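Numbering of residues begins at 1 and proceeds along the displayed sequence. Every number for a ligand or one of its atoms is a count from 1 in the order of the listing. Please read all numbers here as calculations on a predicted model, not as lab measurements. Values below: every heavy atom of this structure, side chains too, minus hydrogens, waters and symmetry copies.
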Amino acid sequence: MTTGFLPQLDNRRLVRMVEISRILNSETHLDQLLSTIIKEAAELTAAEAASIFLLDPRTRQLLFTASSNPIPANMANIPVSLDNSIAGAIVKANRPMYIQDVSNDPRWNKNIDQAIDFQTKSILGVPMRNGNKEPVGVLEAINKQDAPHFSREDFETLTVLADIAGVAVEKARLIEELEKANNELAELDELKTNFIAIASHELRTPLSVILGYVSFLRDEAGPEMAAQMDSVLGAAVHLRTLIQDMLNLRYVDAGEAAVNRERVDFVEIVREMKAQVDETAVAKQQTINVKLPNTPVPVMIDRGMIEVVLGNLLDNAVKFTPQGGSILIAVQPQSSEVWFRIQDTGVGIPENQINRIFRRFYQVESALRRSYEGMGLGLAIAKELVELNDGRIWAESVEGLGSEFFVALPRVNV
Ligand code: ADP
């Protein structure tokens, strides 16, 4: 205990204190917390009123924060001098004080009494401390009712209450700060999402014009120009996939509303990916094997979304696997689910990053130094789309040897 002695609360007060501790610990809103503390402080010590002064963590000023008497708006949170007030003296000494007759105390501040239309006679004040025993404020019980003095038991009760309250106040402040930071992050995230939505939308139109004209010019161009036209076309197609990723993000952000479920054969969807003839894989002389069950596996999914997911996984496997490597795709029923597996012999993923790769814009290599193209959106989109379809996605990998990605989707009972 902070007072250096063991408080000798009677059973009734002890039981009450345990209950109060439970309430204060579960209250995370500072205002509510403070009003509970003053109410309990006044009741438990049979005081006419109770007040709380809190130290502003930034300015280190002591503020008159809460009182069982209504505080007029112009008095709310007014700073109280640390050097010339009773509450200030309690904070500075970091120990309790009992002022039996405030009228004799030069530190007594009459303004507050005048403002809240109250007459203070005696003050029993104790510091409220945080977990490190540093003062965060002062809890005061004012004017003992029906007795000339506050008792030793009142003093002990108030001390225990202030200790519990100090920790609870600090916790509530931290939670408020966290909530604020979290809201700011959510706002920033929304700005970013809106920017991506607008940018991708705006980029799409001029790109279609470029693609259209380049395809036309390529057909018209003689053989000597065809190669150059092909590289322009290749670059424009690449740009289109990047923009498509950005557009898919918006599709994901629409959430549940965008899901259009239909009953489809999952085996058929994978067959139609035509992974074996993927142009990039062919160009990199990679071998792609596909192992499918002989019987259909019905699922209730948004087909377009799941095609985006499988397409992203295949693109990654091809991209992160060197020339001549191999990729294995398999579909297998697994109890109530169907599993899609795609295994490659590529660069692999370090173990400590295996979960982070599913976050938006996350790339194992930093974007500025990396040797692979992309924006770090494919897997984040895949994860959100899979989850919108009640599925799961995860990866396993041995760095340097290859990776394996899994998608599990619920099967429809036949
Ligand atoms: P990107 O557009 O960068 O490919 P993704 O979200 O699809 O974005 O992937 C995020 C990161 O995860 C990639 O940048 C890469 O570092 C890692 N990654 C994804 N798939 C594979 C894979 N098959 N093999 C190795 N690393 C992978």
Side-chain angles (χ1 to χ4, degrees), residues 189 192-193 195-196 199-200 203 234-253 270 273 275-276 278-290 305-331 339-388 391-408:
D189 195 56
K192 188 194 69 194
T193 309
F195 168 75
I196 293 171
S200 51
L203 288 171
V237 169
H238 177 216
L239 212 55
R240 191 178 54 188
T241 25
L242 293 181
I243 293 173
Q244 193 54 47
D245 262 359
M246 291 161 76
L247 283 169
N248 283 339
L249 203 59
R250 196 161 60 155
Y251 180 33
V252 168
D253 288 331
V270 177
M273 281 171 75
Q276 287 100 330
D278 181 271
E279 270 180 33
T280 327
V282 171
K284 286 177 89 176
Q285 289 158 338
Q286 294 169 340
T287 325
I288 301 193
N289 286 308
V290 181
M305 286 185 175
I306 296 303
E307 281 172 353
V308 168
V309 173
L310 305 186
N312 283 353
L313 293 178
L314 177 62
D315 286 350
N316 279 349
V318 173
K319 180 161 70 175
F320 294 103
T321 300
Q323 190 90 7
S326 53
I327 293 167
L328 172 70
I329 291 177
V331 171
W339 283 19
F340 171 88
R341 289 171 34 211
I342 177 162
Q343 193 181 38
D344 62 54
T345 56
V347 296
I349 302 151
E351 203 186 327
N352 61 354
Q353 310 200 24
I354 203 107
N355 292 324
R356 291 189 217 159
I357 54 173
F358 293 99
R359 292 189 200 151
R360 289 184 181 189
F361 301 108
Y362 192 86
Q363 301 181 317
V364 171
E365 279 189 310
S366 91
L368 297 177
R369 286 188 293 114
R370 71 196 319 254
S371 32
Y372 303 97
E373 290 164 337
M375 285 194 298
L377 278 178
L379 289 179
I381 291 170
K383 183 172 191 306
E384 293 177 57
L385 292 181
V386 166
E387 287 171 0
L388 278 174
R392 299 174 293 129
I393 183 170
W394 69 99
E396 289 173 5
S397 174
V398 179
E399 201 181 352
L401 291 184
S403 320
E404 185 165 8
F405 283 79
F406 298 80
V407 175

S.K.: Please verify whether a non-hydrogen atom of Leu377 lies at under 4.0 Å from ligand 1.
M.R.: yes
S.K.: Is a salt bridge present between Glu384 and Arg360, judged by a nitrogen-to-oxygen distance below 4.0 Å?
M.R.: yes
S.K.: Regarding Tyr372 and Gln363, is there a side-chain donor-to-acceptor distance under 3.5 Å anywhere?
M.R.: no
S.K.: Where the side chain of Gln286 meets the backbone of Val318, is there a donor-acceptor pair that is under 3.5 Å apart?
M.R.: yes
S.K.: If you measure from each non-hydrogen atom of Leu379 to ligand 1, which part falls under 4.0 Å: side chain, backbone, both or neither?
M.R.: both
S.K.: Between Thr241 (side chain) and His238 (backbone), is there a donor-acceptor pair under 3.5 Å?
M.R.: yes
S.K.: So is Lys319 in contact with ligand 1, going by heavy-atom distances below 4.0 Å?
M.R.: yes
S.K.: Can you find an N or O of Tyr362 that's nearer than 3.5 Å to an N or O of ligand 1?
M.R.: no
S.K.: Quick check against the 3.5 Å criterion: does Lys383 have a side-chain atom that pairs as donor or acceptor with the backbone of Arg359?
M.R.: no
S.K.: If you measure every N/O of Glu365 against every N/O of ligand 1, is any gap under 3.5 Å?
M.R.: no
S.K.: Record the part of Phe405 in heavy-atom contact with ligand 1 below 4.0 Å; permitted values are side chain, backbone, both and neither.
M.R.: side chain
S.K.: Give a yes/no verdict on whether any heavy atom in Gly376 is under 4.0 Å from an atom of ligand 1.
M.R.: yes
S.K.: For ligand 1, which atoms sit closer than 4.0 Å to a heavy atom of Gly378?
M.R.: 5 (P), 6 (O), 7 (O), 8 (O)
S.K.: State yes or no: are the ring centers of Phe406 and Phe340 separated by less than 6.0 Å?
M.R.: no
S.K.: Between the side chain of Thr345 and the main-chain N/O of Gly325, is any donor-acceptor distance below 3.5 Å?
M.R.: no
S.K.: Ligand 1 and Ile349, any nitrogen or oxygen pair closer than 3.5 angstrom?
M.R.: no
S.K.: If I apply the N/O under 3.5 Å rule, does Phe320 come out as touching ligand 1?
M.R.: no
S.K.: Pick out which of Ile342, Val309, Asp344, Val270 makes a side chain to side chain contact (heavy atoms under 4.5 Å, CB included) with Leu314.
M.R.: Ile342
S.K.: Which of the atoms in ligand 1, numbered in the order shown and given with their element, are less than 4.0 Å from a heavy-atom of Gly374?
M.R.: 2 (O)
S.K.: For ligand 1, which is the ligand I care about here, please tell me if Asp245 has any N or O atom under 3.5 Å from one of the ligand's N or O atoms.
M.R.: no
